[in-house]
Amino acid sequence: MSDIENIRKKTLTDAELKPLLEAAVFVAGKPLSVARMKEILLADYRLSTKRIKVILNQLKEDYNDRGIELVEVASGYRFQAQTAHNEQLLALFKEKAPRFSRALLETLVLIAYKQPITRGEIEEIRGVAVSSYIIKTLQERGWVKVIGHKEVPGRPSLYGTNKEFLDYFSLTSLSQLPQLMAVTELSDEPKPSNEPQTSKGSELAKIAELSVSH
Amino acid sequence: MSDIENIRKKTLTDAELKPLLEAAVFVAGKPLSVARMKEILLADYRLSTKRIKVILNQLKEDYNDRGIELVEVASGYRFQAQTAHNEQLLALFKEKAPRFSRALLETLVLIAYKQPITRGEIEEIRGVAVSSYIIKTLQERGWVKVIGHKEVPGRPSLYGTNKEFLDYFSLTSLSQLPQLMAVTELSDEPKPSNEPQTSKGSELAKIAELSVSH
Amino acid sequence: MNNNSIKHNQEINEQGEMQQQVLPLALIRGEAVIKKPQDLFIPPDALEIILDTFEGPLDFLLYLIRKQKFDIMDLPVAAITEQYMVYVDLMKNIKLELAAEYLVMAAILAEIKSRLLLPKLVVENDEDDPRAELVRRLQEYEVFKNAAQELDQLPRLERDTILTNVALADDFKQARVMADVDLAELLSALSDVMKRNAAFEHHHIQKEVLSTRERMTFILQKLKQTSSAQPFVEFSHLFGADEGRKGVVVTFLAILELIKESLIECMQTKIYGQIQVRLKG
C-alpha cells in the first residue's frame, strides 16, 4: 500500500518512475504516447514531458543488448522483438496445418467431376447436407468457384473447379484423376467400356438443362 | 542473414540464447513452455532442458528490479507487470475485470478439487441446479473441459480443469490451490472418522493423482 | 466466525454477482431480514434478496446456523426448521417463484424433525442420528463455499495480473497455414463417393467426358471474365496449343455443346474473319 501513499505525495523519484513507465509501455497493448503517459498514468503528478523522455531514453539504453527493444513509432513508444530474431521467432507462430474433413474432400471431388454442379446435386449424391462452411473453405482456398446459376427455381449457384485446384495436386487436367485412381485401386473391376457414347450423351443431355447467367 | 548461418552451425552461446529466449517469451502471446522452446524455437539446436532453465533463471533475475517480471505458470513462462504498479496500470484499460458469481466460483472450485466430476455431483454438493450457462462460460474460457463420461445411465460428462485455468490464477499446478478447510476447523466437534472424503489429506492426495491434460 | 461469515456473505454479494442490480435495500440485506425472524413484516424485496443472496437452501441453512451461533454438529433442528419455514411460507405467501430446492429442503427438515420426536434408540451413533446426512452435506458444502471465496481472492488475470504485450519487429505476420491434402486422400474420397453412388461409376470414368465437362467450365469462366464493353473472346484463343490434337477435340466438343444448349454464341464480324465467342443472354 506504499504505492498509494506515493501517489498522495505527488512526487516520484526517477527510481520509481522508470519501472512504472516501463511496465506501462509493456502492458499498453498499443504504442503509448508521452501525452497518454502524462494524462492517464501520472494524472496525480506534475511531471514534465522532458523528464519522461529522459526516462524513456534510459529505458532504450537498458534494452540495447536484450532480445527486445524500446522503439518510438508514430503513435508512441512500444517494445518489440529485436529484428535479428524475427526469423526464429516466426516459428512460434506457425500453426499446424489443419486437415480437411472427409465431407470436404468428397464435395471437392464431386465438384471436380460433375461440374457445373449445384449444392443440391452434391447433397443428392452424398446423401447428406453440404455445409456452407465447406463451400466457403473451398472457395477461399481458390479451388472452387461459382461459374453460373442453374435456371431452376431459386437459381442455385453452379460450382466448378479452378486451375489452382489442379496446380495444387500437380495435375495438368482433371482427366488424370480417375486414371490415377485406377492405378491405385486394387480391385480390378472391369470398366464399363461398352457404353461410352451413351454416357457422354447423357452427360451432355444433362448440361442441356443448364443455362448460364452473367 | 548471419542468423541463418548460426542456425546451420547448430551451436549457440549463452549470449545468443538469452536474448532469443527473452524475445520468444515476450512475443509468444501465451505462456511458453520449455518443451515448446526446444521443439519449435530451437529445433535446429541440441539444447538441454537444464541449460534453458538456467537461462530462464538468469532472465528472472535480470527483471527483478524492473517494472515487469518473468513468472512460471502451468503452461509455461510469461512476462507480467509487477503487481506494485497495478493501480496505475489499470487506468490504461477501459474494461473492468469481470466479476464471477458465487455460483460460477463454487462450480469451478468443485470441478478443480473433485475432478473428474459430473454436473449431477456438483449439484448434489451445492444443493442447487447448475445452470448450463455456467458450464458453457467455464468451457469457453478454456478453464474446464469434458474429460470423459461416467459409466452410469445417461453417461454424463465428467469435467476437469485445463492448464488455462491455472494460468489465469498464476498457478503452476493444482496442488497450489488453496487447501480445503478441514471439517474440524469449521466445527469444534471431532468429525466422524468414517467420513474422510472431505478431509484435507484425502483431497490433496486425490489432486496429486490427477495430471492436467492439455 | 459468525461475524466473519456474515461479512463474507455481504462482500460476496456486493462483488460476486455479475448481474445483480444495486437495490436501495442493499444496506439492510441480510441484517434487516435476519435480525427478527419472528417479526413477520419483511419487505417483499428483502425476500427476493434472500433468494438472490443465497446459493440455495444449503447456503441459506448455513447462514441461519452461523447467525444463531449454533453448532452444525449439534444441529438444533427444531429451531432451524422453524426459522426456515417462516421464510419459505413468506415466500410462498407473496407468490415468489421459489426454487424447488427450497421446498425439498423444507421437506427434509420436517422429516428430520419428526424422526427426532420418535423414541430414541438404545445405541446412539452417527448413523442413527437423523440429522447426520444433513450435517454431512452442510459441512461439505461449507468446505467448498469457503474454497470458492479463497479462489476469488487469488490474484488473477484481468483483475490483478497484467500481461505484457510485445510484437515482432515490423509486425511481421505469418500467413495462415492452409490445410494439406494428399492426392491419395482425394482419390480415396473419390472412390468412396463412387461406391456410394452407383450411377456415378459408369458415367464418369471416361476421361473424355471429364475433359469435356472441365473444358465447358473453363470456357464459361473465360467468357464470364470478359467486360461488357468487349464481351467476345476469339474462338482460337479458347484452344491451347500445348494440348495436342486431343485437347483441340475436347475444346471443340465443349464449344459445340455449349452452343447447342444456347449458353454461348459464335459470330463472325466479317466473312472469313475470326470467329468470336460470347455468352448468350
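Just so we're on the same page: letters track the sequence lines, and every chain starts at 1.
- By the 6.0 Å contact criterion, NZ on B/K53 is open, its count of non-hydrogen atoms from other residues, nucleotides or ligands being 12 or less.
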Under the criterion side chain to side chain contact (heavy atoms under 4.5 Å, CB included), I'd like the reasoning laid out for B/T83 against C/T161: C-alpha separation, chi angles, the key distance, then a yes or no.
CA-CA 7 Å; B/T83 37; C/T161 307; 5.5 Å; no
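- With a 4.5 angstrom heavy-atom cutoff, B/E124 touches chain C only via backbone atoms.
- In summary, B/R141 and C/E158 engage in a salt bridge, as defined by a charged side-chain N under 4.0 Å from a carboxylate O.
- If you take CG on B/L90 and CD1 on C/I162, they are separated by 4.0 Å, rounding to the nearest 0.5 Å.
- Interatomic distance, CZ of C/F144 versus CG of B/L110, reported as 5.0 Å (0.5 Å rounding).
- Here the side chain of B/Y168 pairs a donor or acceptor atom with the backbone of C/L157 at under 3.5 angstrom.
- With respect to the salt-bridge test (charged N to carboxylate O, under 4.0 angstrom), the residues B/R126 and C/E55 qualify.
- Between the side chain of C/E101 and the backbone N or O of B/A129 there is at least one donor-acceptor pair closer than 3.5 Å.
- With a 4.5 Å cut-off on side-chain heavy atoms, B/Y113 and C/V143 do not count as touching.
- Counting heavy atoms from C-beta outward, C/K145 and B/V109 have side chains that stay 4.5 Å or more apart.
- Taking CG from B/L171 and CG from C/L154, the interatomic distance works out to 6.0 Å, rounded to the nearest 0.5 Å.
- The shortest distance between side-chain heavy atoms of B/F100 and C/R159 does not fall below 4.5 Å.
- Looking at B/R78, only its side chain comes within 4.5 Å of chain C, counting heavy atoms on both sides.
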Go through B/F26 and C/N165 one step at a time and tell me if the side chain to side chain contact (heavy atoms under 4.5 Å, CB included) criterion holds.
CA-CA 7 Å; B/F26 267 121; C/N165 206 308; over 6 Å; no
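- Neither the backbone nor the side chain of B/A23 comes within contact range of chain C, judged by heavy atoms closer than 4.5 Å.
- Taking each heavy atom of B/P98 and C/R156 in turn, the nearest pair found is O-NH2, 2.9 Å.
- Within a 6.0 Å sphere centred on CD of C/E82, other residues, nucleotides and ligands contribute 12 heavy atoms or fewer.
- C/P57 places a side-chain heavy atom less than 4.5 Å from the side chain of B/V128.
- Using a 4.0 Å cut-off between charged side-chain N and carboxylate O, C/D152 and B/R99 make no salt bridge.
- Taking each heavy atom of C/A167 and B/V27 in turn, the nearest pair found is O-CG1, 3.8 Å.
- Contacts of B/I68 with chain C are made by side-chain atoms alone, with heavy-atom separations under 4.5 Å and no backbone atom involved.
- How far CD of B/Q179 is from CG of C/N146: 13.5 Å, rounded to the nearest 0.5 Å.
- C/L163 has its side chain out of reach of B/F79: every pair of non-hydrogen atoms, C-beta onward, lies at least 4.5 Å apart.
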